[in-house]
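Reckoned from all heavy atoms, side chains included, excluding hydrogens, waters and symmetry mates. In what follows, every chain begins at residue 1, and chains take the letters A, B, ... in the order their sequences are listed.
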Number of protein chains: 2
Amino acid sequence: MTPLSTTPPTLADVAELAGVSRQTVSNAVNNPDLLRSDTLARVQDAIEALGYSPNRAARNLRTRASHLIGMRIGPAQEGTANATMDRFVHSLVETSREAGYHVLLFAGSSEDPIAGYEDLLRSTAVDAFVVTDTYLGNPQAVWLEQRRAPFVAFGRPWDHPDARHPWVDVDGAAGTDLATTHLLDRGHQRIAWIGWRKDSRIGEDRRAGWSRALHARGLPTTGLASRVEDTVASGREASAVLLDEAQPTAFVCASDTLAMGVLHTFRDRGITAGREMSVVGFDDSQVAQVVPFGLTSVRQPLEDVAVEIVKALEGLLAHPPTIATSTLLVPTLALRGSS
Amino acid sequence: MTPLSTTPPTLADVAELAGVSRQTVSNAVNNPDLLRSDTLARVQDAIEALGYSPNRAARNLRTRASHLIGMRIGPAQEGTANATMDRFVHSLVETSREAGYHVLLFAGSSEDPIAGYEDLLRSTAVDAFVVTDTYLGNPQAVWLEQRRAPFVAFGRPWDHPDARHPWVDVDGAAGTDLATTHLLDRGHQRIAWIGWRKDSRIGEDRRAGWSRALHARGLPTTGLASRVEDTVASGREASAVLLDEAQPTAFVCASDTLAMGVLHTFRDRGITAGREMSVVGFDDSQVAQVVPFGLTSVRQPLEDVAVEIVKALEGLLAHPPTIATSTLLVPTLALRGSS
DNA sequence: TGGTGTCATTGGATCGATCAAGACGATCCC
DNA sequence: GGGATCGTCTTGATCGATCCAATGACACCA
């Protein structure tokens with residue numbers, strides 16, 4: 001009696017065909033070096049012939065591991081140039097594949113950032129999480145840590161310096177320093193900053209890089225900074241005000257979204273972005289890449305972030321777990337026509 | 001002997017606490033109406049008290065279902081404005097959550113579009129797939145159909161009209177018709193087309209909407225169309241040539257990427273996009289939304305696409321499976337400053 | 001009184017893999 | 001030569017849920 005053609009072959013099927021026991025087939029898959037080479041070959045032939053792959057549910061049940069990494073994904077942000085998460089998801093999926101993991105996406109309601117995590121954790125659906133939106137005051141990280149759930153954060157635990165979880169982040173200050181220094185090298189003296197409101201730790205970090213670079217050359221920052229919401233309209237207004245009140249010749253922005261606002265103002269006033277009047281954004285979004293003549297932008301090394309995160313995850317999930325070291329990566333500057 | 005605090009509670013734990021059998025707890029979770037109301041309440045209290053969630057691996061093993069939907073995700077396309085997939089992923093994740101499904105992302109090598117599908121299918125890791133890149137001649141769909149694997153395609157089976165799998169698509173021709181008619185209503189007479197090479201079925205579909213709209217008003221299309229690669233540079237070159245040779249006053253493009261190329265040419269020539277000289281893109285990307293004064297663009301109803309796809313998936317996975325009807329959705333036009 | 005039916009609940013088998021322990025023969029060493 | 005050791009392979013138990021068949025309790029009706 002052959003099994004229904006719709007039923008995938010099992011260990012037992014392979015074992016019967018190869019004339020060995022189930023355990024031997026299991027070893028052929030998981031510990032090939034335990035088998036004599038001729039038996040191994042015979043089993044592998046049988047596996048090939050039947051097109052066998054271990055049933056994931058059964059394996060997960062027994063080994064108490066799913067080889068899935070959970071990641072919450074919020075709704076797409078329309079009207080902004082924020083594409084960091086999307087590029088990161090791509091990188092993470094590809095990197096974790098090499099480590100034998102798949103990525104499980106789940107939706108999160110902004111009202112209850114814990115929901116979703118709770119469920120997946122209880123039902124042992126994922127082995128670990130990647131937590132991305134740590135800038136929101138980071139309740140997930142705190143909660144997951146209490147729960148002793150394995151996770152790696154993309155983003156530093158700003159408000160919890162005693163946090164014990166591994167994290168990977170990009171040095172925002174280094175990025176804006178890079179951008180500002182680039183403008184200084186181009187001869188600019190009065191370089192303005194348009195960033196986020198003061199309660200954003202990331203925003204303050206990026207701002208610090210700008211002021212650090214200016215101070216390093218003995219230049220003042222007074223009156224050259226503006227803190228607004230992360231929208232194109234805010235960037236437009238802020239740049240208009242700064243142009244009138246502080247006469248900068250260049251802008252460094254905390255995001256491409258804000259930088260687009262600056263380009264908007266330039267257009268309002270017939271200014272052409274370039275060597276004379278420059279703008280630098282942050283994130284190297286598609287917008288920066290395709291806007292006419294291009295927007296110079298700080299580019300986060302998201303591929304490297306993914307690699308480091310997966311490394312940390314592998315450490316966490318190893319037996320015994322490795323104390324993962326946290327990593328701070330340095331961004332680069334994508335030079336384009338706007339500077 | 002209490003279980004280790006790190007081990008999640010099981011059915012048996014709940015059963016013991018509630019003083020009922022395992023099966024009764026299982027029923028309380030899956031068929032609550034089978035229980036007497038007082039027993040149900042008692043079991044639910046126990047579940048609550050222990051923080052119990054059914055172990056997914058065990059459930060998957062027994063029910064032969066994972067409640068996971070697999071979706072292949074290619075590498076991010078840099079240098080273009082193509083963000084359809086990202087917006088769609090967001091929508092799909094949120095919609096499938098409501099149906100009790102999670103989304104499993106996996107990476108695909110462009111050389112072997114089947115790899116990944118094969119593995120997940122054999123190991124019964126996912127219940128079904130969502131296939132998105134059907135424009136590539138669609139080898140996955142053919143292969144999955146042969147395999148009798150449940151899947152829904154986002155995109156019509158252009159080259160396989162006899163395909164039996166359910167699909168959901170957006171009427172590209174309707175979108176470009178909408179865009180062209182909008183321009184005609186604004187008084188334009190000579191409206192150019194910049195689209196993709198002829199081997200793209202989607203491109204030809206979108207092109208058809210443009211020519212249909214012009215012909216409906218008795219206007220000629222001769223010399224007004226150009227077919228190029230989907231890059232900003234190509235759009236820029238094509239629009240420059242068209243301006244010189246055909247004197248159009250408006251452009252309809254197969255993508256926002258190409259439309260950005262047109263804006264590039266405008267900028268080269270000191271033309272301001274607006275009522276006089278108009279451009280319309282396709283996809284309503286973030287680029288279209290934040291570029292100064294905005295790019296009018298055809299917007300695919302991706303949220304609705306996700307809803308329809310999940311509906312079709314639920315049908316496929318129901319017992320017995322429902323013959324899912326395929327759906328063609330109509331896009332809308334996001335009006336902005338460029339027209 | 002006893003048969004029939006319904007309702008609520010139970011116990012054992014099962015999904016397909018891995019773990020733990022043991023069987024078997026060959027080899028080695030004192 | 002006998003016991004220990006190693007390499008190779010096998011058997012039975014197990015992970016935690018659901019499926020299936022069966023049980024007991026109870027009401028109904030002839």
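When rounded to the nearest whole Å, the span between CZ of A:Arg62 and P of D:dG16 equals 9 Å. The CD atom of A:Glu16 sits 13 Å away from the P atom of D:dT10 (whole-angstrom rounding). Distance, A:Asp13 CG to C:dC15 P: 11 Å, rounded to whole Å. As rounded to whole Å, 12 Å separates atom C1' of D:dC19 from atom CG of B:Leu61. Distance, A:Asn27 CG to C:dA17 P: 14 Å, rounded to whole Å. Across the protein-nucleic acid pair, A:Leu11 atom CG and C:dC19 atom P stand 12 Å apart, rounded to whole Å. For the pair B:Arg22 CZ and D:dC20 P, the computed distance is 16 Å after rounding to whole Å. To the nearest angstrom, P of D:dG7 lies 17 Å from CG of A:Leu40.
Among the heavy atoms of the strands lying under 4.0 Å from A:Thr24 is at least one base atom, whether or not backbone atoms are also near. B:Thr63 comes within 4.0 angstrom of sugar-phosphate atoms only, judged by non-hydrogen atoms across all strands, and of no base. Note on B:Asn60: nothing from the nucleic acid sits closer than 4.0 angstrom, heavy atoms only. Counting non-hydrogen atoms under 4.0 angstrom, A:Arg64 reaches the backbone sugars and phosphates but no base.
The phosphate of C:dT18 has OP1 or OP2 within less than 4.0 Å of a side-chain N or O from A:Asn30. Phosphate contact (OP1/OP2 of C:dT9, side-chain N/O of B:Thr39, threshold under 4.0 Å): present. Between A:Ser26 and C:dA17, a side-chain N or O to OP1/OP2 separation shorter than 4.0 Å is absent. Between B:Ser21 and C:dT10 there is a side-chain N or O to OP1 or OP2 distance below 4.0 Å.
Distance alone, capped at 3.5 Å, is enough to place a donor-acceptor pair between the B:Asp169 side chain and the B:Arg156 backbone. Between the side chain of A:Thr124 and the main chain of A:Leu120, no donor-acceptor pair closer than 3.5 Å is present.
One finds a salt bridge joining B:Lys311 and B:Glu308 here, because a Lys/Arg side-chain nitrogen approaches an Asp/Glu carboxylate oxygen to under 4.0 Å.
Aromatic ring orientation, A:Tyr117 versus A:Trp143: tilted (interplanar angle from 30° to 60°).
Here the options are B:Leu11, B:Leu34, B:Leu35, the test is side chain to side chain contact (heavy atoms under 4.5 Å, CB included), and the partner is B:Thr24; only B:Leu35 passes.
Looking at which nucleotide of DNA chain C each of A:Pro54 and B:Val20 is closest to, the 5′-most match is held by B:Val20. Mapped onto DNA chain D by nearest heavy atom, A:Leu35 and B:Asn55 fall at different nucleotides, with A:Leu35 at the one closer to the 5' end.
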